[in-house]
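Below, chain A is the first sequence line, B the second, and so on; all start at residue 1.
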Amino acid sequence: MLLRMSTLFLRTLREDPADAEVPSHKLLVRGGFVRRAAPGVYSWLPLGKIVLENVARVVRDEMNAIGAQELLLPALLPREYYESTGRWTDYGDLLFRLTDRKGADYLLGPTHEELFALLVKGEYSSYKDFPVTLYQIQEKYRDEARPRAGILRGREFHMKDSYSFDLDDDGLRRSYAAHRGAYIRIFDRLGVDYRIVSAVSGAMGGSASEEFLATAPTGEDTYVSCTNCDYAANTEAVRTVVPDTAADPSAVPALLELDTPDTPTIQSLVDRLNAMDLGRTYTAADTLKNVVLKVTQPGETKYEVVVVGVPGDRDVDLKRLAESSLAPASVELFEADDWAEHPELVRGYIGPQVLAGIGIRYLADPRVRPGTEWVTGANRRGFHAAHVVAGRDFAIDAQVEAVEVRAGDLCSVCGGELRIDRGIEIGHIFQLGRKYTDAFEVDALGPDGKPVRITMGSYGIGVSRLVAAIVEQSHDDRGIIWPRAVAPADVHVIGTGKADQVEVALRIGEELRARGLRVIVDDRKASPGVKFTDAELLGVPTSVVVGRGLADGVVELRDRAGGERSEVPLDSVVELVAERIAAEG
RNA sequence: CGGGAUGUAGCGCAGCUUGGUUAGCGCGCCUGCUUUGGGAGCAGGAGGCCCCCGGUUCGAAUCCGGGCAUCCCGACCA
């Protein structure tokens, strides 16, 4: 490959686009890799397309290596497939929907479990056919409420999605492990810095699930990792351990009601307690906050009122409750109307002491363990109760992880301190199980002549998102620094401007190309400064400058990442560059 | 869906408060000459439904009303 910049369809921008916030968005637009076509929808220009294909090639390579077979399904899909698994409605507004001339409903595929399951059902029917893994790399569509950050979160994006089909759970585990290994090799080859974190499966259904997160402060996903061991998890899936702070319950005085007018919030309560001369100082962590929730089981229309207790210095993490602790039920906060319907619950002064008596389940965070002592509501407006001991003064129906995780919480594996960081979800692997094969009755006939229900795994990689994630991780104030595996070229040869220098640059470029390297030659009529600036913006790992040294028979070799420069003889530069790049592997 | 902001040339912006005749600046683009190791200089050009609709006015980019769109924060989100 040899691209001449004089004819390349490329226009770089001097200034950041006004709508860009994150580095990848700014640099990909400024470097002429992408252009916005609609909100969350981008055109990939020649250099961007090359980078995108480079990422796809690595993905394809490693997928093929684990025996997955590539195919291509339509992005335009009829409603019926998604109807039978409930996702036509479950996906809600996230689905791009359209109608054909006959009034039939279609959608643009957000992911393809249904179609793959049906495809396999249609083609395979014997146990001898399994296991099989299929994949595609394709545009996916999701009508995000708020697309943002350019390529990082678009409404149209490129995704590799693969699906494994196995006869039994062991097979599924093997397919899952094979994908996990492939993903590790893919992200290593792409030069991405990433973490593998435990995840919850969310709307996809299924059990075991891990996310691959590219570490980046601009990432949208928050994850927790241990500073002492390998444990890492998405904040919804994280498990923590709680230091044992329970006192000897027999040493705690009997429950004491306190007159605490106008203290509906934790802060107002703490201030009041400390003004009451109770012989000690209280903090928010000494109080017990009780949050009333409406919990609806799947398929039910009636909700159950549930109270969740957490230490007063913590907030309830609704997402964690809904997606992990109470899944698959849906969870909502009590609203004004609900309070009116339940006068037995005194808003702002709820205490768990009375809940058992009125038939409401009490779920407590692990920090609220039996034997711990709290100040909490007395179920009368303006009153609280002190010396309330869990297990003595109120019952706990279940312990659930309910609080927002904080840095410094303790690791459930080794007890080390946890930290919280942000990342970009670049891959996600699921052991789906039989949700889709049950829906479509995908069976294989076993050796005994009896049907076996197939079990599925589903595995995604955000190919276009990876391009942006790589830029997020690899840039400086001058531009992008591409890892070689994805760079738009191996070498950027710059003829600084004079005709003879450009001519030599083209000759060097041609010789490099003949050695199988991918080359960009800047043969434009432009001043050296312009060319240097563009080269740094575009981020090709190695560049060769043919300029003033030409009279002495030398050219300059530059390394984009480290910034090193060296003068080398003109007649050995091709050899040297080829060797160096070969040495990098 | 809630909060905030913005729509003026391909891109980035000024002008609007206080209405006035050819709507400006920088980058980019075109032509010529000069220049060529760090975003060149000089000269000359091309390019505008000032988001849309309506109103006020002799006159609207500017004032008023109503839409629409986009961006940011939040909610939501494999």
A.B. asks: Could you give me the stems involving RNA chain B, meaning stretches of three or more consecutive Watson-Crick or G-U wobble pairs whose two defining distances are both below 3.5 Å?
C.D. replies: B:1-7 with B:68-74, B:10-13 with B:24-27, B:29-34 with B:40-45, B:51-55 with B:63-67
A.B. asks: What residues form a ring-ring contact (aromatic ring centres under 6.0 Å, His included) with Phe165(A), not counting sequence neighbours?
C.D. replies: none
A.B. asks: Does any pair with a residue in residues 533-562 of chain A pass ring pair (Phe, Tyr, Trp, His ring centres under 6.0 Å), and if so which ones, sequence neighbours excluded?
C.D. replies: none
A.B. asks: Just to be sure I understand the rule, does Asp161(A) reach a base, reach only the sugar-phosphate, or reach nothing, if contact means heavy atoms closer than 4.0 Å?
C.D. replies: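 Result for Asp161(A) = nothing.
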A.B. asks: Quick one, which residues of residues 459-474 of chain A touch RNA chain B with a heavy atom under 4.0 Å?
C.D. replies: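 Contacts with RNA chain B under 4.0 Å: Gly462(A).
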A.B. asks: Please list, by residue number, the residues of residues 69-78 of chain A whose heavy atoms come closer than 4.0 Å to an atom of RNA chain B; answer none if no residue qualifies.
C.D. replies: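 Result for residues 69-78 of chain A: none.
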A.B. asks: Can you pull every protein N or O that's under 3.5 Å from an N or O on nucleotides 72-75 of chain B?
C.D. replies:
residue: C73(B); atom: OP2; partner: Arg146(A); partner atom: NH1; Å: 3.0
residue: C73(B); atom: OP2; partner: Arg146(A); partner atom: NH2; Å: 2.7

A.B. asks: With nearest nucleotides of RNA chain B determined for Leu13(A) and Leu537(A) from heavy-atom distances, which residue corresponds to the more 5′ nucleotide?
C.D. replies: Leu13(A)
A.B. asks: Give every pair of a protein N or O atom and an N or O atom of nucleotides 31-36 of chain B that lie under 3.5 Å apart, one pair per line with the distance.
C.D. replies:
none

A.B. asks: With Tyr42(A), which residues qualify under ring-ring contact (aromatic ring centres under 6.0 Å, His included), at least two apart?
C.D. replies: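 Tyr42(A) satisfies ring-ring contact (aromatic ring centres under 6.0 Å, His included) with His25(A) once adjacent residues are dropped.
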A.B. asks: Please list, by residue number, the residues of residues 546-562 of chain A whose heavy atoms come closer than 4.0 Å to an atom of RNA chain B; answer none if no residue qualifies.
C.D. replies: Gly547(A), Arg548(A), Glu556(A), Arg558(A)
A.B. asks: Please write out the pairs of protein N or O atoms and N or O atoms of nucleotides 25-29 of chain B separated by less than 3.5 Å, giving the distance to one decimal.
C.D. replies:
residue: G26(B); atom: N2; partner: Glu15(A); partner atom: OE1; Å: 3.0

A.B. asks: Under the rule for ring-ring contact (aromatic ring centres under 6.0 Å, His included), what residues qualify as partners of His112(A), not counting sequence neighbours?
C.D. replies: none
A.B. asks: Tell me which residues in residues 32-44 of chain A lie within less than 4.0 Å of RNA chain B, going by non-hydrogen atoms.
C.D. replies: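 Of all residues in residues 32-44 of chain A, the ones placing a heavy atom under 4.0 Å from RNA chain B are Arg36(A), Pro39(A).
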